[in-house]
Amino acid sequence: MKITLKDGSVKEYASAMSVYEIAQDISEGLARVACCGEVDGKVVDLRDIVDKDCSLSILTANDKEGLKTLRHTTAHVLAEAVKRVFPDAKLTIGPSIDNGFYYDFDHAPFSREDLDKLEAEMKKIIKEGAKLERFTLPREEAIKFMEEKNEPYKVELIRDLPEDAVISFYSQGDFVDLCAGPHLMSTKNIKAYKLTSSSGAYWRGNSDNAMLQRIYGTAFNKKEELAEYLEYLENIKLRDHNKLGREMELFTTVDVIGQGLPLLMPKGAKMIQTMQRWIEDEEEKRGYVRTKTPLMAKSDLYKISGHWDHYKEGMFVLGDEEVDKEVFALRPMTCPFQYYVYKASQKSYRDLPIRYGETSTLFRNEDSGEMHGLTRVRQFTISEGHLIVRPDQMVEEFKGCLALAKYCLDTLGVGEDVTYRLSKWDPNNKEKYIGTAEVWEETQGHIRRVLQELEIPFYEEEGEAAFYGPKVDIQAKNVYGKEDTMITIQWDAILAEQFDMYYIDQNGEKVRPYIIHRTSMGCYERTLAWLIEKYAGKFPTWLCPEQVRVLPISEKYEAYAVEVEKKLKENGILATTDHRSEKIGFKIRETRMAKVPYMLVVGQQEEEAGLVSVRSRFAGDEGQKTLDEFIDQICKEIRTKEIRKEIAVEDQKK
RNA sequence: GCUGAAAUAGCUCAGUCGGUAGAGCACUUCACUCGUAAUGAAGGGGUCGUGGGUUCGAGUCCCAUUUUCAGCUCCA
């Protein structure tokens with residue numbers, strides 16, 4: 001057989017060989033660091049046999065799949081360590097994940113001391129350097145094998161495999177685990193690992209099941225890479241919005257106000273106001289009209305919308321139906337309110353599309369463990385909108401919503417940081433959705449084509465649609481890699497029926513419109529959080545709550561400083577003056593730490609010549625300018641929403 | 001909601017065996033009137049998240065509760 005290697009060279013062998021043997025044949029050095037193989041694009045175990053012509057790559061920990069294999073084997077070493085130190089622990093599953101691996105055990109919670117003990121035991125296991133060996137058993141024998149080992153979770157896993165499945169196991173010394181692989185050849189090839197944390201996790205990800213104890217860890221090719229990763233973890237904490245946003249006095253929380261109810265402080269509120277004004281104006285340019293509808297409604301409304309039956313747990317209900325004549329609930333969405341705006345008058349086909357926008361505050365009674373900083377809260381404000389359109393306008397309008405979303409993201413400088421998800425229904429879970437399979441497939445096809453036409457890269461996911469239709473969700477990751485929806489655009493051909501919405505067509509007939517539910521920028525709180533992390537607090541000037549700080553050299557120049565500040569404010573620039581009798585070095589230090597983009601130093605020279613000394617966060621010392629020159633410069637930057645990318649010399653030093 | 005950890009001055013944190021509550025920064029006042037990342041001195045500031053309990057005595061031990069953090073689950 002002929003084996004084509006990664007570099008294009010061809011090896012010929014007379015008989016079948018394992019991937020590992022081929023690696024050895026290429027070089028002993030390669031075999032030592034080999035983690036797994038890739039045959040015709042498919043990841044394989046080193047023990048797998050190659051018996052026909054194919055292309056083959058030997059993957060090491062420098063390859064993504066190789067590193068995954070290394071981490072998976074490290075998870076097995078952890079499992080062995082747990083069985084040695086805590087023999088009563090029951091094994092469940094232990095996969096590799098994005099930044100490492102985890103393994104779930106049925107056992108009492110692990111403390112940090114336990115993890116340290118386990119790390120030490122892992123070191124011993126790795127030093128022993130047992131070979132990992134694979135063997136297979138038929139299903140019934142596999143069940144019996146795991147029953148004898150008293151591993152009930154493993155038995156359950158095997159029972160869920162098909163009747164005719166041949167079950168593979170990997171052993172290392174005395175330790176055996178049910179596993180599909182691939183794995184390293186020996187535990188001694190694990191060089192750098194760390195157990196990072198432990199926490200509870202439900203068996204099979206279902207909250208009705210028992211809670212297991214999950215140990216998270218990571219492993220790398222080299223100790224230096226591990227150290228680098230751990231340092232990276234420390235560094236990203238510095239841009240964590242929940243920490244930085246509080247330090248910068250953008251928001252705070254108060255015990256007696258409650259969970260998920262952050263208070264936006266003047267600086268955070270200013271930033272949100274800036275975004276809100278911008279988006280409202282932009283939507284108006286794009287043909288939106290604004291509504292302002294109530295924050296609550298009687299239960300009657302939610303009974304029509306279906307929320308009373310399906311979403312009551314998620315709403316804040318005011319009053320008790322058994323006692324009160326009228327029961328109200330704070331709104332968890334704006335849809336029906338805007339529908340009633342539409343329904344207030346009869347509409348012609350000529351009136352459509354109608355684009356309703358509202359800066360809308362919503363309330364959702366999230367479970368107590370779900371709240372987080374500004375990203376998951378119980379009260380939040382979104383730039384919500386509903387487009388009521390004729391079916392023939394749907395595709396164009398959907399495109400318009402995507403274009404608006406893209407414009408918002410690009411202007412904020414985060415357009416490159418998002419992924420687009422086509423959120424589809426789950427054909428295996430039809431009862432969760434309204435409508436026929438044909439309609440679902442068709443509308444999903446429409447959205448798919450729109451994304452393709454706009455050349456937006458996207459991925460598809462089943463089971464993420466709204467119950468009334470598929471949608472595009474624009475997803476972003478926070479500094480810890482956790483994903484949130486930033487923007488959503490939903491295709492709805494269903495709810496108009498439920499609310500008896502119609503328009504009159506050319507023939508004088510009543511016709512159901514289609515609806516697009518969309519946000520142009522999503523949740524303001526969440527977007528603010530995202531911007532804090534993206535820019536580490538150094539926002540583009542147009543978004544900064546304080547754009548310029550005037551720094552008089554001493555109190556003697558206060559009058560001039562006030563004059564400068566006044567003129568800046570007259571030009572719509574957010575300016576303040578530091579009047580304290582501190583040294584200029586101290587004032588500059590504080591201004592920089594507050595991440596203010598521009599500071600204007602004014603003293604005797606400036607006052608006499610009518611100048612300002614400009615120092616910016618972007619380029620350091622920009623020299624002396626007339627105040628008018630500076631105002632022109634910064635106004636242009638703010639008006640065009642420019643994102644200056646230069647990094648201050650001082651920043652590079654630090 | 002579940003598992004675990006935590007809560008001490010505005011912030012970051014120390015507080016030993018259960019024995020009168022501490023630092024730095026910040027704040028206030030005074031002096032200095034300063035030229036590009038920390039001027040000096042003095043001063044004020046605490047029911048140790050909250051409520052119970054054990055004890056002669058609780059920041060420290062126990063219980064409950066609230067909030068925060070990590071993770072799980074959830075996010076029509």
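Basis for what follows: all heavy atoms, side chains included, without hydrogens, waters or symmetry-related copies. Reminder, nothing fancy here: chain letters follow the sequence lines and each chain counts from 1.
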Could you state the CG-P distance from A:Asp367 to B:U3, rounded to the nearest angstrom?
14 Å
What integer number of Å spans the [atom1] atoms of [N] and [M]?
N	M	atom1	result
B:G52	B:G22	C1'	29 Å
B:C62	B:U54	P	15 Å
B:A21	B:G49	P	14 Å

What about the rings of [X] and [Y], do their centers lie closer together than 6.0 Å?
X	Y	value
A:Tyr356	A:His386	no
A:His517	A:Tyr468	yes
A:Phe105	A:Tyr103	yes

Can you tell me which stems RNA chain B forms when a stem means 3 or more consecutive Watson-Crick or G-U pairs under 3.5 Å?
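When the pairs of RNA chain B are grouped into runs of at least three, the stems are B:1-7 with B:66-72, B:10-13 with B:22-25, B:27-31 with B:39-43, B:49-53 with B:61-65.
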At 4.0 Å (heavy atoms only), tell me whether [X] reaches a base, stays on the sugar-phosphate, or touches nothing.
X	value
A:Ile553	base
A:Glu247	nothing
A:Glu606	base

Compare side-chain N and O positions of [X] against OP1 and OP2 of [N] and report whether any pair is under 4.0 Å apart.
X	N	result
A:Lys583	B:U33	no
A:His372	B:A70	yes
A:Gln259	B:U68	yes

Partner of A:Leu374 under side chain to side chain contact (heavy atoms under 4.5 Å, CB included), chosen from A:Thr253, A:Thr527, A:Leu528, A:Leu250:
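Only one of A:Thr253, A:Thr527, A:Leu528, A:Leu250 forms a side chain to side chain contact (heavy atoms under 4.5 Å, CB included) with A:Leu374, namely A:Leu528.
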